[in-house]
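Reading through the structure tokens given below for one structure.
These numbers were taken from a predicted model, which means no experiment stands behind them.
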Amino acid sequence: MVEQTATPAESAIGLERAAELVELLLSAWTDGKPARRQQTLDACCVPDVSYINPLSAVEGTPSVSELLGAIQAQYPGLTPVRVTELDLHHGYARFGWELRNGAGTVALVGTDIVEWTADGSLIESIITFFGPLQPRVATYSYP
């Protein structure tokens with residue numbers, strides 16, 4: 001039998017703090033003022049945070065802020081909304097999100113995976129996947 005114990009980061013982060021950090025991260029996506037967006041990222045991420053999505057990869061809160069500003073300029077009025085619960089384990093979390101316009105129409109869906117610092121206080125990395133997960137075409141049986 002395998003003994004299950006929480007890792008230090010898992011214990012330190014807690015669901016409430018994890019949700020708070022993720023909401024801060026998402027709010028940075030909609031802030032059109034670069035200085036405030038940078039402050040928001042500084043409040044939820046380590047200075048050298050990495051952010052990777054299918055189209056880009058950047059490091060550091062200034063680069064993430066710049067990328068978010070470019071996305072806002074290209075797709076004005078879209079707001080990210082977390083649409084799933086946070087799934088936490090071993091210093092990581094995943095959640096589903098939608099980018100919606102002012103009328104609530106969904107423009108893009110995706111999944112983010114975030115990694116916490118060892119003490120669970122900030123976000124260390126963000127990996128974004130665009131689009132819904134595709135169902136398997138074939139299924140397999142194992143004896």
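- Under the salt bridge (charged side-chain N to carboxylate O under 4.0 Å, His left out) criterion, the residue pairs touching residues 33-45 are Asp31-Arg36, with sequence neighbours excluded.
- Other members of the cluster containing Tyr92 are Ile113, Ile127, Phe129, with ILVMFWY side chains joined at under 4.5 Å, either directly or via other members.
- Counting only residues at least two apart or in different chains, salt bridge (charged side-chain N to carboxylate O under 4.0 Å, His left out) contacts with residues 20-30 comprise Arg17-Glu20, Glu23-Arg82.
- By the side-chain contact (heavy atoms from CB on, under 4.5 Å) test, Ala103 pairs with Asn101, Thr105, sequence neighbours left out.
- Evaluation of the side-chain contact (heavy atoms from CB on, under 4.5 Å) rule for Leu55 yields Asn53, Phe130 as partners, not counting sequence neighbours.
- Every pair tested for salt bridge (charged side-chain N to carboxylate O under 4.0 Å, His left out) that includes a residue from residues 48-72 fails, sequence neighbours excluded, so the list is empty.
- For Glu98, the salt bridge (Lys or Arg N to Asp or Glu O under 4.0 Å) test picks out Arg100, with sequence neighbours left out.
- Just one of Leu26, Val114, Ile13 meets the side-chain contact (heavy atoms from CB on, under 4.5 Å) condition when paired with Leu21; it is Ile13.
- The side chain to side chain donor-acceptor pair (under 3.5 Å) test applied to Trp97 returns Asp112, not counting sequence neighbours.
- Between Cys45 and Leu25, the shortest heavy-atom contact is SG-CD1, 4.3 Å.
- Under the rule for a side chain to side chain donor-acceptor pair (under 3.5 Å), the partners of Ser125 that lie at least two apart in sequence or sit in another chain are Glu115.
- Take Pro132 and apply the side-chain contact (heavy atoms from CB on, under 4.5 Å) test, not counting sequence neighbours, and it matches Val109, Gln134.
- Sequence neighbours left out, the pairs with a member in residues 88-97 that pass salt bridge (charged side-chain N to carboxylate O under 4.0 Å, His left out) are Asp87-Arg94.
- With sequence neighbours left out, the side-chain contact (heavy atoms from CB on, under 4.5 Å) criterion links Leu15 to Leu86, Leu88.
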